[in-house]
Asker: 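This is the structure I have questions about; it appears just below.
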There are 2 protein chains.
Amino acid sequence: MPVIDSTPVTSPPVDVCVAAGTEHPRPDGQDRYTISEVAAYTGLSAPTLRWYEEIGLLPDVERSHNGQRRFGNRDLDWLAFVRRLRLTGMPVADMVHFAQLVKRGEETFDERRQILERTRREVLARMAELQDTVAVLDAKIDFYAGAHQASERA
Amino acid sequence: MPVIDSTPVTSPPVDVCVAAGTEHPRPDGQDRYTISEVAAYTGLSAPTLRWYEEIGLLPDVERSHNGQRRFGNRDLDWLAFVRRLRLTGMPVADMVHFAQLVKRGEETFDERRQILERTRREVLARMAELQDTVAVLDAKIDFYAGAHQASERA
DNA sequence: CGCTTGCTTCAAGTGCACTTGAAGGTCCTA
DNA sequence: TAGGACCTTCAAGTGCACTTGAAGCAAGCG
C-alpha cells in the first residue's frame, strides 16, 4: 500500500503557521507515526493522546487499514503548540475551543488572533510575576547563604 | 483585653527574611485579622486558609479567647510567599515541607537554600519557555493579522 | 498453532487543590 | 430574647487532567 500524505499541500489554508519551525523525525511524505512513537516523541502518554483526540483537541487523526492511529507531522506540530499553550496555563477546554476554530477555517482568523493576543498578554504578565519571584528567591537565598556563612565563621 | 503581639520581635531568628517588603493593612502590634479579612486581602477563600492551616502550610495561627483565628502580619507575609511559590508551580506538598523546615529553625537553612535555588532554576527555565512561547504567539498573531488584512484588501 | 507485542474501545479510578454542606457556637443589635 | 452575622469543625463533594483496568483485535515469530 502506498504511503498517503495526509496534507494535500495545496489544500485550504487551514493553519499554515502551525507548520512552522521545528524538525520532524521523518520527512513529510513518510510521516505516519504510531501512537507509541508520538508518545515517545512528545512525552505525552498514549492514553493522553487518545483522550486528546476524543475531546477534540487533536482532530482528524488518520487511521491505518486496521483501525490504528497514524499520526503525521501536522499532528506533531499541533501537539507542540498544544504543549506550549498548556505551559501558559491555558485550560484544556479553551484549547479545544481553539482547535474547533482552526477546524472551521479562515473565517475564524480574527477570533483566533484575539485569543492569542489575550494569551500573549497573560504570558507576559506571568513572566513579570515570575521575574519578581526570582527577586524574592534571590533575597531569601542570599539570606540563608549569609546566615550559613555567619554560623560557619562563628 | 490588650492587643497581643504574636511576634516577640527579639525571639529566635525563625525566618527574618520573610518579614521583608510589602505593606500591611495594619501596623505591627495591631495586626490581628479575622479569617474573612485575610481572605479579602489575599484572595484565598476562608476554607482554603483553614485547609492550609490543617495541612501544615500555615502553622501556628493564633486564636482569640473564643477559638476564632487571628492572623498576624507574619501570616500575611508567609501567605504572600506561598502565593509566589504556587505561581512557580510548586506542589502544595513541597510547600508544606518547606514550612516544616522553617518551623525547625536555623538548622534547616542549608536545605531551605537548596530548595529555593532549585526553584529559582526551574523558574528561570519556565521563563525561557514562556519567552519562546511569546515568540510563537507573535508569529501566529502576525499570520492571522496579515491574513485578515489580505482578505480585507481583496 | 499458539504466543507476544502493540494496538483498540469503554469505563472506572486517581491525585491534586480546593469547595461545599451540615451542624453548631458566640457575639451584637433590635 | 430573637435574629443575623460571623466564626467553628468534620465530612463529603467538585473540577480538572489525566491514568488504569478490562476485554478484545491484528500482525509477526518460533
Asker: Please list, in 5' to 3' order, the outermost nucleotides of DNA chain C lying under 4.0 Å from any heavy atom of chain B.
Answerer: dA17(C) to dC27(C)
Asker: Taking side chain to side chain contact (heavy atoms under 4.5 Å, CB included) as the test, write out the residues that go with Q68(A), two or more places apart.
Answerer: S64(A), N66(A), R70(A)
Asker: Give me the bend of the helix from dC1(C)-dG30(D) to dA30(C)-dT1(D), using the axes of the five pairs at each end, rounded to 10°.
Answerer: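 The end-segment axes of the helix from dC1(C)-dG30(D) to dA30(C)-dT1(D) are tilted 20° relative to each other.
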Asker: List the residues meeting salt bridge (charged side-chain N to carboxylate O under 4.0 Å, His left out) with D142(A), not counting sequence neighbours, and say none if there are none.
Answerer: none
Asker: What pairs with A93(B) under side chain to side chain contact (heavy atoms under 4.5 Å, CB included), at least two apart in sequence or on another chain?
Answerer: none
Asker: For DNA chain D, which residues of residues 46-58 of chain B approach it to below 4.0 angstrom with any heavy atom?
Answerer: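 Within this stretch, R50(B) sit under 4.0 Å of the strand.
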Asker: So, E62(A) and R32(A), do they make that salt bridge, N to O below 4.0 Å?
Answerer: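 So E62(A) pairs with R32(A) through a salt bridge.
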Asker: Starting from the 5' end of DNA chain D, give me the residue, M90(A) or R63(B), whose nearest nucleotide shows up first.
Answerer: R63(B)
Asker: Check every strand shown and say whether R70(A) touches a base, only sugar-phosphate, or nothing at a heavy-atom separation below 4.0 Å.
Answerer: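 Nothing, no heavy atom under 4.0 Å.
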Asker: Identify every side-chain donor-acceptor pair in residues 126-137 of chain A under 3.5 Å, counting partners at least two apart or on other chains, and give the distances.
Answerer:
| unit_1 | atom_1 | unit_2 | atom_2 | d |
| --- | --- | --- | --- | --- |
| E129(A) | OE1 | R83(B) | NH2 | 3.0 |
| E129(A) | OE2 | R83(B) | NH2 | 3.1 |
| T133(A) | OG1 | E129(A) | O | 2.9 |
| T133(A) | OG1 | R84(B) | NH1 | 2.9 |

Asker: Which pairs pass salt bridge (Lys or Arg N to Asp or Glu O under 4.0 Å) with one or both residues in residues 87-98 of chain B, sequence neighbours excluded?
Answerer: none
Asker: Which residues pass the side chain to side chain contact (heavy atoms under 4.5 Å, CB included) test with A46(B), sequence neighbours left out?
Answerer: I35(B), R50(B)
Asker: Is there a side-chain contact between S64(B) and the phosphate of dC7(D), meaning an N or O under 4.0 Å from OP1 or OP2?
Answerer: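 Checking dC7(D) against S64(B), no side-chain N or O comes under 4.0 Å of OP1 or OP2.
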Asker: Could you tell me which residues satisfy salt bridge (charged side-chain N to carboxylate O under 4.0 Å, His left out) with E107(B), sequence neighbours excluded, listed by chain and number?
Answerer: R104(B)
Asker: With sequence neighbours excluded, what pairs up with E117(A) under the side chain to side chain contact (heavy atoms under 4.5 Å, CB included) test?
Answerer: R113(A), R121(A), I141(B)
Asker: Partners of D60(A) by salt bridge (charged side-chain N to carboxylate O under 4.0 Å, His left out), sequence neighbours excluded?
Answerer: K103(A)
Asker: 5'-most contact on DNA chain D: Q68(A) or S45(A), nearest heavy atom basis?
Answerer: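 Nearest nucleotide further toward 5': that of S45(A).
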